[in-house]
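Note that the structure is predicted; figures quoted are calculated from it, not measured.
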Amino acid sequence: MSSVATTQIKLTPERSRPSVRARLQDALPKIVLAPSFAITIVFVYGFILWTVYLSFTNSKTFPSYVITGPRAYLRLWGWTFDSDPPSSWYTSIINMGIFGFLYIAMCLALGLFLAILLDQKIRGEGVLRPIYLYPMALSFIVTGVAWKWFLDPGLGLEQTLHQWGWTSFHFDWIKNKDFVIYTVVIAGVWQASGFIMAMFLAGLRGIDGEIMKAAQIDGATTFQLYRRIVIPLLRPIFLSAFIVLAHLAIKSYDLVVALTSGGPGGSAWLPSNFMYEYTFKRNEMAVGSASAVIMLMTIVAIIVPYLYSELREKPR
């Protein structure tokens with residue numbers, strides 16, 4: 001009797017190759033995103049690099065390819081610290097400090113105040129929220145033109161009060177070179193404070209009510225409740241709101257143009273207005289590019305620490 005050894009062969013199923021339809025479905029998101037990705041790379045980051053390059057050339061009306069080093073930056077440095085009388089760049093930097101500080105501080109304070117009021121579950125909250133948020137839906141051009149009409153001494157608030165009999169009232173800040181920048185602050189705060197209110201209101205609604213009740217049981221007053229518990233818990237909202245407002249303040253251009261047309265003698269200029277004026281009107285493309293790079297570095301100095309704090313690994 002012969003024994004027959006049988007070899008069992010395990011057949012592994014051959015992997016089926018994906019169909020054309022499956023491949024197309026996998027590639028479709030990449031195909032859709034590729035044009036926008038390429039456009040962003042070229043027209044955003046490419047032109048940023050191009051602007052940095054121009055700032056180191058002697059470009060005037062047209063781009064120049066002759067590298068002259070940091071000459072444009074040295075001119076801005078001289079205009080900032082050594083110019084007498086103050087230059088347009090010096091005025092722009094001072095205005096940026098005034099506008100940025102007041103704009104951010106007042107928007108944060110007013111936005112937090114309005115959010116706390118609405119968080120009390122007052123009647124008509126559903127009507128008040130859209131009213132406060134409505135200005136953010138407007139463009140800076142519309143906001144600037146509206147406030148220009150309102151603040152014009154011969155057309156708006158002052159003229160109206162004079163017609164009502166209050167002839168001693170005077171409010172000519174929009175025509176006064178020493179106060180015109182504050183009119184930009186007023187218009188900017190009016191537009192952005194509602195958006196900041198919405199951010200704070202979302203943060204307030206996200207706080208655990210049990211913490212609030214426990215603090216009230218322990219005898220904490222309303223002031224202590226907000227100072228020791230609520231406001232510290234809103235720290236991420238404060239940081240996010242600061243980043244948004246700082247970004248808006250640095251790149252503000254159309255609001256100044258629509259509201260003051262640059263102010264008397266350029267007294268309301270911000271760095272963005274200086275950049276546009278020198279690049280496209282005074283044929284100083286290198287100087288304008290240098291000012292744009294400085295603005296970019298300012299925004300980077302604000303955003304990078306924020307991204308680092310948000311994206312770093314939390315300690316275990």
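Residues L225 and Q216 come closest through the heavy atom pair CD2-NE2, 3.9 Å. Closest approach of T91 to G266, counting heavy atoms only: CG2-O, 4.0 Å. Nearest heavy atom pair, residue F195 against residue M136, reads CB-CG, 3.8 Å. The shortest non-hydrogen separation linking S291 to M275 is OG-CB, 3.3 Å. Residues A286 and T57 approach most closely at CB-O, 3.3 Å, considering heavy atoms. Residues L54 and S59 approach most closely at CD2-OG, 3.6 Å, considering heavy atoms.
For the pair R282 and Y278, the distance from NZ or CZ to the six-membered ring centre is under 6.0 Å and the angle to the ring normal is within 45 degrees.
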(message) Show, in sequence, the C-alpha distance, side-chain angles and deciding distance for T61 and F280, and conclude whether the side chain to side chain contact (heavy atoms under 4.5 Å, CB included) test is met.
(response) CA-CA 8 Å; T61 306; F280 299 106; over 6 Å; no
(message) Go through it in stages, so that I can follow the logic: the residues are D178 and W173, the test is side chain to side chain contact (heavy atoms under 4.5 Å, CB included), and I'd like the CA-CA distance, side-chain angles, deciding distance and then a yes or no.
(response) CA-CA 8 Å; D178 296 325; W173 285 11; over 6 Å; no
(request) Check the pair F62 / N283 against side chain to side chain contact (heavy atoms under 4.5 Å, CB included), numbers first and verdict last. (result) CA-CA 8 Å; F62 298 102; N283 301 327; over 6 Å; no
(request) Could you walk me through whether I181 and L270 pass side chain to side chain contact (heavy atoms under 4.5 Å, CB included), step by step? (result) CA-CA 9 Å; I181 188 62; L270 296 176; 4.2 Å; yes
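Residues satisfying the salt bridge (Lys or Arg N to Asp or Glu O under 4.0 Å) test with E158, not counting sequence neighbours, are none. Shown here are the side chain to side chain contact (heavy atoms under 4.5 Å, CB included) partners of L118, two or more places apart in sequence or in another chain: I122, E125, L128, R129, Y132, M197, L201. Scanning for side chain to side chain contact (heavy atoms under 4.5 Å, CB included) contacts around P264 gives K177, V180, S267, with sequence neighbours left out.
Follow the hydrophobic side-chain contacts under 4.5 Å out from Y276 and you never reach F274; the two are in separate clusters. Cluster annotation: V244 and L138 are assigned to the same hydrophobic cluster (Ile/Leu/Val/Met/Phe/Trp/Tyr, side-chain heavy-atom contacts under 4.5 Å, transitive). Taken together through direct or relayed side-chain contacts under 4.5 Å among Ile, Leu, Val, Met, Phe, Trp and Tyr, L245 and V304 form parts of separate hydrophobic clusters. Hydrophobic clustering of Ile, Leu, Val, Met, Phe, Trp and Tyr side chains at less than 4.5 Å, counting indirect connections, keeps I94 apart from Y253. No continuous path of ILVMFWY side-chain contacts below 4.5 Å connects F56 to M285, so the two sit in separate hydrophobic clusters.
Interatomic distance, OG of S289 versus OH of Y73, reported as 8.0 Å (0.5 Å rounding). Rounding to the nearest 0.5 Å gives a distance of 12.5 Å between CG of L239 and CG of L234. Expressed to the nearest 0.5 Å, how far OG1 of T183 lies from CG of N176 amounts to 10.0 Å. Annotation: the span from E277 atom CD to W89 atom CH2 amounts to 14.0 Å, rounded to 0.5 Å. With values rounded to the nearest 0.5 angstrom, E210 atom CD is found 8.5 Å from I217 atom CD1. Atom CG of residue L161 and atom CG of residue L157 lie 4.5 Å apart, to the nearest 0.5 angstrom.
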Under 3.5 Å, which donor-acceptor pairs link side chains of residues 139-156 to any protein atom two or more places apart or in another chain?
residue, atom, partner, partner atom, Å
S139, OG, V142, N, 3.3
T143, OG1, S139, O, 3.2
T143, OG1, Q191, NE2, 3.3
D152, OD1, G154, N, 3.0

Determine all donor-acceptor pairs shorter than 3.5 Å in which one atom belongs to a side chain in residues 100-110; sequence neighbours excluded.
none

Name the atoms and distances for all side-chain donor-acceptor pairs under 3.5 Å in residues 36-44, with sequence neighbours left out.
residue, atom, partner, partner atom, Å
S36, OG, L33, O, 2.9
T40, OG1, S36, O, 2.8

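Using a 4.5 Å heavy-atom cutoff, the side chains of M295 and P271 are in contact. With contacts defined as side-chain heavy-atom distances shorter than 4.5 Å, the pair H247/I302 does not qualify.
Atom OH of Y53 is surrounded by more than 12 heavy atoms from other residues, nucleotides or ligands within 6.0 Å. For R228, the CZ atom is loosely surrounded, since the number of other residues' heavy atoms within 6.0 Å does not exceed 12.
Using a 3.5 Å distance cut-off with no hydrogens or angles, the side chains of S168 and W166 do pair a donor with an acceptor. S88 and W269 share no donor-acceptor pair across their side chains, judged by distance under 3.5 Å alone. Using modelled atom types and a 3.5 Å distance limit, the side chains of T68 and N58 yield no donor-acceptor pair.
Checked against the 6.0 Å centroid threshold, F200 and F238 count as a close aromatic pair.
Using modelled atom types, no side-chain atom of Q120 and backbone atom of L117 make a donor-acceptor pair closer than 3.5 Å. Here the side chain of S55 pairs a donor or acceptor atom with the backbone of V52 at under 3.5 angstrom.
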